[in-house]
Amino acid sequence: MSLVIVGSLAFDTIETPTERKERIIGGSCSFAALAASYFTSPQIVAVIGEDFPQEFISLLNRRGVDTRGVTREPGKTFHWEGRYGDDPNQRTTIRTELNVFQDFKPRLLQDYAAADIVFLGNIDPELQEDIRRQAQKPRLVAMDTINLWINTKPEALVRVLKEVDIFFANDEEVRMITDELNLIKAGKKLLSMGPSLAVIKKGEHGALLVGEEFMFGVMAYPCETVIDPTGAGDSFAGAFLGYLDRTGSFRPEDFRMAAAYGSVLASFTIEDFSVERLKDISAQEIEDRLQALRGLVSF
Ligand code: AMP
């Protein structure tokens, strides 16, 4: 099996109630690829500017991530700035500077185009559409998005939705797209727009999976230390799809396990800024949290 991840490699500026960090490593692709790397060897497609550190690309390589699909272009790397209030589930986007993303024409290398699973991580839906067309015959296509694209490119977003099997989004985004407050109804409405599974992320309250004849809820792993929630959603999706790529089967029971691993990997991401905690986790730490999560919900 093989997994291709398309998304942003970015600089993030993050403000929490206690700290501000300028231009730290972020991006949907960074978090998703690192989380997936604990299960499989993902291939990534992204664009970076002249200012992006080669050391991070080397770190991805050391974790088994295939970065041949990353192109470096003249100009600056994508930069996103976000602020969290006292409630870590609430965040405000302060700034989005597309920079090299502005003229990006993503190309799937020949071997990437044959991938079994394609993850269209959070980037401009027109780029997601372009990549979707280049994938030859994937067994599973998943996508994620963010409120910027729901507001600015709704038509393109709806077109991509039609072409995917799994849609990852947080509760706020799902409500915006479907105009439906009740998350079960919203999930079902999403299924009528294309995907066969909606994965609705609810921050510290976990995630809800809504399929045609299947529903599953997973708790977030209970963390006492939450430093920076950025990338939790991408880490959830990366681990979810990395696990599916490793097992090669897409039954409801596989989706349940994938969601549990998604929660576990997201819990590491939020314990520090950027990818600091996510970049170095032992297999034992992952299994310990999985067992703890199982213990919390079995009765
Ligand atoms: P998450 O917290 O999982 O929703 O993802 C946050 C990450 O998404 C940050 O590291 C940002 O760099 C990245 N991001 C934010 N807005 C965009 C955007 N419009 N396009 C691509 N990536 C973005």
Side-chain angles (χ1 to χ4, degrees), residues 3 5-8 12 26-40 42 44 82 84 88-89 91 117-123 140-147 164-174 183 187 190 195 197-211 215-223 226-247 250 254-272 274-275 277-279 281 285-287 289-290 292-294 296-297:
L3 166 65
I5 298 174
V6 187
S8 52
D12 287 349
S28 50
C29 189
S30 307
F31 292 108
L34 278 174
S37 75
Y38 291 94
F39 304 92
T40 188
I44 64 170
Y84 295 89
N89 294 311
R91 90 170 160 210
I117 303 182
V118 176
F119 179 40
L120 307 169
N122 165 31
I123 48 169
L140 189 86
V141 181
M143 73 176 285
D144 194 353
T145 194
I146 201 165
N147 45 16
V164 304
D165 305 294
I166 302 182
F167 181 55
F168 292 95
N170 68 32
D171 40 8
E172 183 197 344
E173 292 154 359
V174 165
L183 284 182
L190 277 172
L197 183 68
V199 179
I200 306 173
K201 297 167 289 180
K202 301 190 293 170
E204 67 177 317
H205 306 298
L208 180 68
L209 278 57
V210 182
M215 197 144 29
F216 178 62
V218 66
M219 269 183 81
Y221 178 86
C223 288
V226 179
I227 301 288
D228 172 15
T230 309
D234 303 311
S235 305
F236 183 100
F240 188 102
L241 296 171
Y243 174 79
L244 292 180
D245 192 54
R246 190 174 79 188
T247 62
F250 309 145
D254 302 310
F255 292 141
R256 287 170 191 258
M257 279 301 292
Y261 276 117
S263 270
V264 167
L265 269 291
S267 75
F268 288 107
T269 296
I270 67 177
E271 286 181 339
D272 206 340
S274 183
V275 297
R277 183 68 181 99
L278 181 65
K279 70 184 185 192
I281 314 169
E285 286 176 307
I286 292 175
E287 288 312 309
R289 286 198 185 184
L290 187 82
L293 193 60
R294 202 194 290 280
L296 274 168
V297 291

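Heavy-atom basis, side chains included; hydrogens, waters and symmetry copies ignored. Computed from a predicted structure; not experimentally measured.
Remark: the backbone N or O of G26 is not paired with any side-chain donor or acceptor of S274 at under 3.5 angstrom. Judged purely by atom type and a 3.5 angstrom limit, T40 has no side-chain atom pairing as donor or acceptor with the backbone of R246. Here the side chain of S267 pairs a donor or acceptor atom with the backbone of V264 at under 3.5 angstrom. Between the side chain of Y38 and the main chain of L278, a donor-acceptor pair closer than 3.5 Å is present. A side-chain donor-acceptor contact under 3.5 Å links Y84 to the backbone of T230.
Minimum interatomic distance between A260 and L293 (heavy atoms only, all atoms of both residues): O-CD2, 3.8 Å. When all heavy atoms of I5 and A33 are compared, the pair lying nearest together is CD1-CA, 3.7 Å. A232 and A266 get closest at one heavy-atom pair: O-CB, 3.5 Å. Minimum heavy-atom separation, V226 to P88: CG1-CB, 4.2 Å. Residues N89 and G203 share a closest heavy-atom pair of OD1-CA, 3.5 Å. For the pair C29 and G7, the tightest heavy-atom approach, listed with the atom from each and the gap, is CB-C, 3.6 Å.
L140 is listed as a side-chain neighbour of L241, based on a closest heavy-atom distance under 4.5 Å. Within the 4.5 Å cutoff, the side chain of R277 has no heavy atoms near those of the I227 side chain. Counting only heavy atoms from C-beta outward, the side chains of V210 and L190 never approach each other to under 4.5 Å. Side-chain atoms of Y221 and L296, non-hydrogen and from C-beta on, never get closer than 4.5 Å to each other. Counting heavy atoms from C-beta on, the side chains of L265 and F240 never come closer than 4.5 Å. For the pair I286/F268, a side-chain contact is recorded, criterion being any heavy-atom separation below 4.5 Å from C-beta on. Contact check for E173 versus N170: side-chain heavy atoms found under the 4.5 Å cut-off. A 4.5 Å side-chain heavy-atom check between L290 and M257 finds at least one atom pair inside the cut-off.
The line from CD of E172 to CG of N147 is 5.5 Å long, rounded to the nearest 0.5 Å. Interatomic distance, M143 CE to N122 CG, rounded to the nearest 0.5 Å: 9.0 Å. Note: I44 CD1 to S28 OG = 10.0 Å, rounded to the nearest 0.5 Å.
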*Determine, stepwise, if the pair D171 / H205 fulfils side chain to side chain contact (heavy atoms under 4.5 Å, CB included).*
CA-CA 10 Å; D171 40 8; H205 306 298; over 6 Å; no
*May I have the step-by-step check of side chain to side chain contact (heavy atoms under 4.5 Å, CB included) for F255 and L244, ending in yes or no?*
CA-CA 8 Å; F255 292 141; L244 292 180; 3.7 Å; yes
*asked:* Walk me through whether D234 and F168 qualify under side chain to side chain contact (heavy atoms under 4.5 Å, CB included).
replied: CA-CA 9 Å; D234 303 311; F168 292 95; over 6 Å; no
_Pair D144, F236 - check side chain to side chain contact (heavy atoms under 4.5 Å, CB included), show working._
CA-CA 11 Å; D144 194 353; F236 183 100; over 6 Å; no
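For F39 and Y261, the ring centers are positioned less than 6.0 Å apart.
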